[in-house]
K.L.:
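Take a look at the following structure, please.
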Amino acid sequence: MAESSVHPRAWRWNSTKACERALQYQVGEKIHGFTVNQVTPVPELFLTAVKLSHDGTGARYLHLAREDTNNLFSVQFRTTPMDSTGVPHILEHTVLCGSQKYPCRDPFFKMLNRSLSTFMNAFTASDYTLYPFSTQNPKDFRNLLSVYLDAAFFPCLRELDFWQEGWRLEHENPSDPQTALVFKGVVFNEMKGAFTDNERIFSQHLQNRLLPDHTYAVISGGDPLCIPDLTWEQLKQFHATHYHPSNARFFTYGNFPLEQHLEQIHEEALSKFQKIEPRTTVPAQKPWDKPREFQITCAPDSMAANSSKQTTVSVSFLLPEITDTFEAFTLNLLSSLLIGGPNSPFYKALIESGLGTDFSPDVGYNGYTREAYFSVGLQGIAEKDIQMVRDIIDRTIDDIIMKGFEDDRIEALLHKIEIQMKHQSVSFGLALTSYIASCWNHDGDPVELLKLGSQVAQFRQCLKDNPKFLQEKVKQYFKNNQHKLTLSMKPDDKYSEKQAQMETEKLQQKVSALSLEDKQQIYDKGLELQTQQSKAQDASCLPALKVSDIEPRIPFTELSVALAAGDVPVQYCAQPTNGVVYFRAFSSLNTLPEELRPYVPLFCSVLTKLGCGVLDYRELAQQIELKTGGMTVSPHVLPDDSHLDTYEQGVFFSSFCLERNLPDMMHLWSEIFNRLGHLYASIRASRTLTPAGDLQETFNGMDQVRLMKRIAEMTDISPILRKLPRIKKHLLNCNNMRCAVNATPQQLSQTERAVGDFLKSVGRSKKERKPVRPHVVEKAVPSGCGGSTHVSGCQVVRKLITEPTFTPCQMKTHFLLPFPVNYVGECVRTAPYTHPDHASLKILARLMTAKFLHTEIREKGGAYGGGAKLSHNGIFTFYSYRDPRSTETLQSFAKAVDWAKSGKFSQQDIDEAKLSVFSAVDAPVAPADKGLDHFLYGLSDELKQAHREQLFAVHREGLIDVSNKYLGVGRSTHGLALLGPENTKIAKDPSWIVR
């Protein structure tokens with residue numbers, strides 16, 4: 001294999017070194033304080049599982065050896081709170097405020113700049129807390145492991161940290177004791193924000209009411225009205241009993257050697273503990289003897305198309321324990337058959353009844369609690385239709401018991417499982433740790449869960465032995481199940497008022513209990529917290545990689561470009577894809593008339609859903625499920641790498657399939673391109689267009705949201721549908737198209753034929769269409785003849801639109817939205833990708849975020865997050881989200897610029913920013929996505945290497961220089977936007993446009 005000499009890395013996947021090494025462990029073998037309990041190959045996921053337990057503490061350990069360089073570690077604790085004070089969530093935040101060995105605040109955030117991690121986070125679920133990280137660098141792995149172990153097992157848990165992260169009473173202005181006392185705290189604000197989301201309110205009540213006996217009856221993230229009942233003592237007690245090795249599950253994944261992990265975990269943490277009996281088991285929920293019903297209320301949704309239809313109702317059933325692996329597999333599959341896609345019985349019965357806008361929240365199988373549950377219902381219905389929806393659900397269940405399911409639908413789901421096993425994501429380790437977390441948390445066997453091959457085989461056998469196998473499950477768990485909850489939620493105009501009233505009462509109750517001495521103490525502590533937040537943080541105790549630990553060169557990706565069907569360029573990239581073939585196409589929109597432009601996202605969203613040729617939309621959905629891993633179409637604007645006002649606008653088509661289905665997948669694309677059903681004749685189609693929620697997700701930008709709201713309110717959408725075939729003419733032809741294929745070397749010739757046949761079937765414009773925009777520049781993508789050594793074959797020419805007369809203008813817009821918090825953004829035009837300043841600005845954005853904005857916006861301002869970033873197209877953005885402040889945050893942005901211009905940063909700060917930027921630049925790329933930057937943006941590996949060298953070369957003077965040159969007042973055009981509640985300051989300021 002000639003390529004392997006050029007790219008030792010790309011082909012590492014083919015070797016099974018890691019799996020083979022792991023197979024050599026013996027059951028009973030002792031390694032660094034652990035004993036091996038089980039060694040199991042799992043060939044369907046290309047890995048070997050090794051289960052161990054720790055002799056001293058009983059800690060459980062699972063290692064999945066796989067030839068993947070993106071190695072992952074996680075530690076998980078079973079956290080079962082018995083009240084809604086949010087103790088596990090606040091603890092998750094507080095353990096990250098410093099530990100014995102690493103006493104500095106926010107070590108995770110600080111490590112972002114001292115590491116090349118590909119992932120770092122922490123999660124609080126209803127009954128466990130999980131701390132995962134991943135990295136491709138072995139030294140980095142040991143550094144991060146050390147920080148994670150110390151944070152989890154030996155945190156400082158200082159009282160001030162509890163106040164900052166959990167809740168506190170503090171003066172509105174901490175330095176002025178005359179201002180009112182209010183509740184503050186990161187988790188308090190986060191949960192307040194979370195419960196403004198009606199779906200979240202519904203899901204939360206659903207779980208609390210369906211599983212009322214134990215920990216699932218409370219809100220583990222915290223209820224803003226209960227959070228202020230938590231004390232610092234309770235927090236420390238919860239840590240001592242729950243964050244103990246005897247209550248821990250350790251997980252590692254990838255190709256680094258297991259022994260090193262075990263040694264470090266034993267030495268740095270486990271050897272310092274004795275075994276305890278953790279009393280964290282969740283008991284089984286007692287099944288009900290008769291169904292229950294509840295009604296709840298929420299705030300009205302001002303974005304909804306129809307104000308009289310804002311009720312949600314769902315029916316939920318308790319299912320068996322998730323630790324019964326095969327039963328859980330079967331019920332999960334059954335759930336997909338019941339609600340997945342337009343062919344499912346509940347979709348036909350509920351969505352197509354036109355009674356509501358979409359399924360209710362948490363629809364389907366929920367396997368995150370000890371006993372699973374299934375839920376189905378509708379949102380966006382009229383209150384009077386609640387009973388009708390309930391009747392439809394009962395009727396549908398009876399129907400299914402009678403009729404069963406079509407074989408094709410079952411096959412489509414089994415196919416989906418097979419293709420998901422082979423489709424390799426870059427964060428496979430993270431996907432696995434999340435997948436097994438709940439089952440393992442309740443002492444189920446995680447290795448059984450991974451053996452998907454044998455579950456599929458067992459399932460096929462059950463169906464063969466008893467064709468009514470699934471119908472009997474429906475009867476058992478849905479028809480004859482008394483543990484059934486009907487939950488409905490309707491809007492109450494006074495809801496927000498009542499919530500605010502309850503918070504005020506809680507506040508008064510706390511404040512009225514304070515003595516003068518307490519009040520003085522609150523004032524002092526507020527000042528102390530402010531001082532602590534402003535104090536320069538010494539992060540030198542944390543381990544760090546050096547810039548010299550970064551690979552100086554990127555591995556080049558071999559590509560070849562060939563013309564198909566005459567003149568359509570197709571880029572081929574040979575990759576170890578586990579036998580999956582990836583096909584992409586890009587079609588540019590230069591000839592599309594302006595007035596059709598706003599409808600392109602709508603066109604993309606319905607293109608693969610509308611039915612085509614001989615297939616109606618149900619059959620099309622079925623074929624896509626049976627033969628592919630998905631077919632997506634999305635609008636894209638691709639910036640040019642050297643000119644800010646030059647771009648390529650078009651539509652990106654993407655799909656993948658198992659090798660055996662390649663001809664079928666290409667045939668489906670031909671059908672979609674050639675025989676798009678008579679759009680407006682198809683009334684059914686209009687139905688798939690209405691879920692307003694779906695549309696809001698698909699389209700970006702407030703103008704799109706408004707346009708979609710208008711369409712959703714129209715009684716007759718045929719004028720809109722008439723526009724779609726006009727778009728099709730410009731888009732679905734060969735004239736402005738290019739394609740890309742990623743597959744294994746053995747599959748390339750077969751793929752080349754299939755793509756050629758597809759392109760021959762696609763029409764061309766009879767007449768030469770003129771671009772709508774007069775200025776189109778042709779730009780050749782670098783390839784073999786022009787200096788790029790690893791791209792062979794023909795040239796790809798991209799047609800870019802340029803707007804030489806475009807003059808950027810300053811805009812300040814406030815979008816009024818019914819949130820209690822703000823989302824603030826400020827954008828500045830700077831330099832394109834290939835300009836040397838781009839590299840400096842990229843490092844500067846990281847530097848400003850880490851060294852200035854994080855403290856200003858999150859720690860002092862109380863926002864959930866904020867910072868600065870530079871996008872590929874040369875737009876420099878300051879942002880904050882879930883932010884209690886608005887105009888003050890804009891002042892923080894200005895202060896950040898002054899900070900940068902004054903050069904108040906050290907060489908170490910610059911090096912940290914470089915590490916952080918490189919960890920994004922060198923993020924792992926899945927075999928499926930190699931070569932995509934070249935295909936879409938025309939970014940060759942040479943350009944990337946040049947940019948890499950510019951990043952390495954960034955220095956102090958350059959950083960101060962770009963701050964002055966681009967970010968200073970009056971230097972570049974700024975655009976400001978604020979999304980959030982009414983704002984008196986802005987309303988009075990004529991320079992703002994309020995929409």
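In this text, all values refer to a predicted model and were calculated from it rather than measured experimentally.
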K.L.:
Answer yes when Lys451 and Asp445 have at least one side-chain N-carboxylate O distance shorter than 4.0 Å, and no when they do not.
P.N.:
no
K.L.:
For Ser84 and Ile219, indicate whether the former's side chain and the latter's backbone hold a donor-acceptor pair under 3.5 Å.
P.N.:
yes
K.L.:
Between OG of Ser375 and NZ of Lys484, what distance do you get to the nearest 0.5 Å?
P.N.:
12.0 Å
K.L.:
Under the ring pair (Phe, Tyr, Trp, His ring centres under 6.0 Å) test, which residues partner Phe346, sequence neighbours left out?
P.N.:
none
K.L.:
Would a 4.5 Å heavy-atom cut-off, applied to side chains only, mark Asp408 and Glu625 as touching?
P.N.:
no
K.L.:
For residues Tyr216 and Asn208, report the shortest heavy-atom separation together with the two atoms involved.
P.N.:
O-ND2, 2.9 Å
K.L.:
Count the heavy atoms of every other residue, nucleotide or ligand shown that sit under 6.0 Å from CZ of Phe123, and state whether that count exceeds 12.
P.N.:
yes
K.L.:
Does Leu210 offer a backbone N or O that forms a donor-acceptor pair with the side chain of His483 under 3.5 Å?
P.N.:
yes
K.L.:
In terms of heavy-atom contacts, does NZ of Lys348 have more than 12 from other residues, nucleotides or ligands at under 6.0 Å?
P.N.:
yes
K.L.:
Going through the checks in order, is the side-chain contact (heavy atoms from CB on, under 4.5 Å) test met by Lys498 and Asp492?
P.N.:
CA-CA 10 Å; Lys498 290 175 187 163; Asp492 168 3; 2.6 Å; yes
K.L.:
Do you see a donor-acceptor pair shorter than 3.5 Å between the side chains of Gln379 and Asp358?
P.N.:
no
K.L.:
Side chains of Gln476 and Pro320: closer than 4.5 Å at any heavy-atom pair?
P.N.:
no
K.L.:
Using distance alone, with no hydrogens and no angle criterion, decide if Gln207 and Thr369 have a side-chain donor and acceptor under 3.5 Å apart.
P.N.:
no
K.L.:
Do Arg249 side-chain atoms and Gln76 backbone N/O form a donor-acceptor pair below 3.5 Å?
P.N.:
no
K.L.:
First locate atom CD1 of Ile381, then atom OG1 of Thr357, and finally report the distance between them rounded to the nearest 0.5 Å.
P.N.:
9.5 Å
K.L.:
Less than 4.0 Å between a side-chain N and a carboxylate O, is that true for Arg370 and Asp443?
P.N.:
no
K.L.:
Looking only at heavy atoms, which two atoms of Ser634 and Cys604 are closest? And how far apart?
P.N.:
C-SG, 4.0 Å
K.L.:
Between Asp465 and Leu463, is there a donor-acceptor pair closer than 3.5 Å when you use the side chain of the first and the backbone of the second?
P.N.:
no
K.L.:
side-chain contact (heavy atoms from CB on, under 4.5 Å), that's the test. Do Ile400 and Leu337 meet it? Break it down for me.
P.N.:
CA-CA 10 Å; Ile400 295 160; Leu337 285 169; over 6 Å; no
K.L.:
Please report the interatomic distance CD1(Ile392) to OG1(Thr396), rounded to the nearest 0.5 Å.
P.N.:
7.0 Å
K.L.:
Could you give the distance from CD (Gln499) to NZ (Lys192), rounded to the nearest 0.5 Å?
P.N.:
10.5 Å
K.L.:
Any sub-3.5 Å donor-acceptor pair from Ser220's side-chain atoms to His89's backbone N or O?
P.N.:
no
K.L.:
Flag the pair Phe294 / His205 as yes when their ring centroid distance falls below 6.0 Å, and as no otherwise.
P.N.:
no
K.L.:
In terms of side-chain geometry, is the basic nitrogen of Glu327 or Lys473 positioned less than 4.0 Å from the acidic oxygen of its partner?
P.N.:
yes
K.L.:
So which atom in Ala382 and which in Lys309 form the shortest heavy-atom distance, rounded to 0.1 Å?
P.N.:
N-CG, 3.9 Å
K.L.:
Can you check whether Gln622 reaches Glu406 side chain to side chain, under 4.5 Å on heavy atoms?
P.N.:
yes
K.L.:
What do the steps show when you test Phe478 against Leu319 for side-chain contact (heavy atoms from CB on, under 4.5 Å), and what is the final call?
P.N.:
CA-CA 9 Å; Phe478 303 139; Leu319 300 176; 4.0 Å; yes
K.L.:
Quick one: does Leu414's side chain get under 4.5 Å of Leu333's, heavy atoms only?
P.N.:
yes
K.L.:
Under 3.5 Å, is there a donor-acceptor pair between the side chain of Glu321 and the main chain of Glu371?
P.N.:
no
K.L.:
Search all heavy atoms of Leu668 against all heavy atoms of Lys627 and return the closest pair with its distance.
P.N.:
CD1-CB, 4.4 Å
K.L.:
Under a 3.5 Å distance rule, please check whether Thr215 uses its side chain to pair with a backbone N or O of Pro81 as donor and acceptor.
P.N.:
yes
K.L.:
Which atom names give the shortest non-hydrogen contact between Ser353 and Leu378, and what distance separates them?
P.N.:
OG-CD1, 4.3 Å
K.L.:
Given 3.5 Å as the limit, does a donor-acceptor pair link the side chain of Thr433 with the main chain of Gly429, or not?
P.N.:
no
K.L.:
List the steps, then state whether side-chain contact (heavy atoms from CB on, under 4.5 Å) holds for Phe459 with Phe469.
P.N.:
CA-CA 9 Å; Phe459 179 81; Phe469 169 62; 3.8 Å; yes
K.L.:
Tell me, do Ile419 and Phe656 make a side-chain contact under 4.5 Å, heavy atoms counted?
P.N.:
yes
K.L.:
So Leu211 and Tyr373, do their side chains get closer than 4.5 Å, heavy atoms only?
P.N.:
yes
K.L.:
Compute the centroid of each ring, for Tyr477 and then for Phe317, and state whether the two points are separated by less than 6.0 Å.
P.N.:
no
K.L.:
Are any of the side-chain nitrogens in Glu411 or Arg460 under 4.0 Å away from the carboxylate oxygens of its partner?
P.N.:
yes
K.L.:
To the nearest 0.5 Å, tell me how far Trp440 CH2 sits from Leu449 CG.
P.N.:
12.0 Å
K.L.:
Looking at OG of Ser316 and CZ of Arg292, how far apart are the two atoms once the value is rounded to the nearest 0.5 Å?
P.N.:
13.5 Å
K.L.:
Less than 4.5 Å apart, any side-chain heavy atom of Gln285 and any of Pro212?
P.N.:
yes
K.L.:
Taking the side chain from Asp127 and the backbone from Val282, do they hold a donor-acceptor pair closer than 3.5 Å?
P.N.:
no
K.L.:
Considering all heavy atoms of both residues, which atom of Ile339 and which atom of Ser344 are nearest to each other, and what is their separation?
P.N.:
C-OG, 3.2 Å
K.L.:
Where the side chain of Gln310 meets the backbone of Asp301, is there a donor-acceptor pair that is under 3.5 Å apart?
P.N.:
yes
K.L.:
Side chains of Glu92 and Thr124: donor-acceptor distance under 3.5 Å anywhere?
P.N.:
yes
K.L.:
Heavy atoms, side chains only, cut-off 4.5 Å: are Leu658 and His415 in contact?
P.N.:
yes
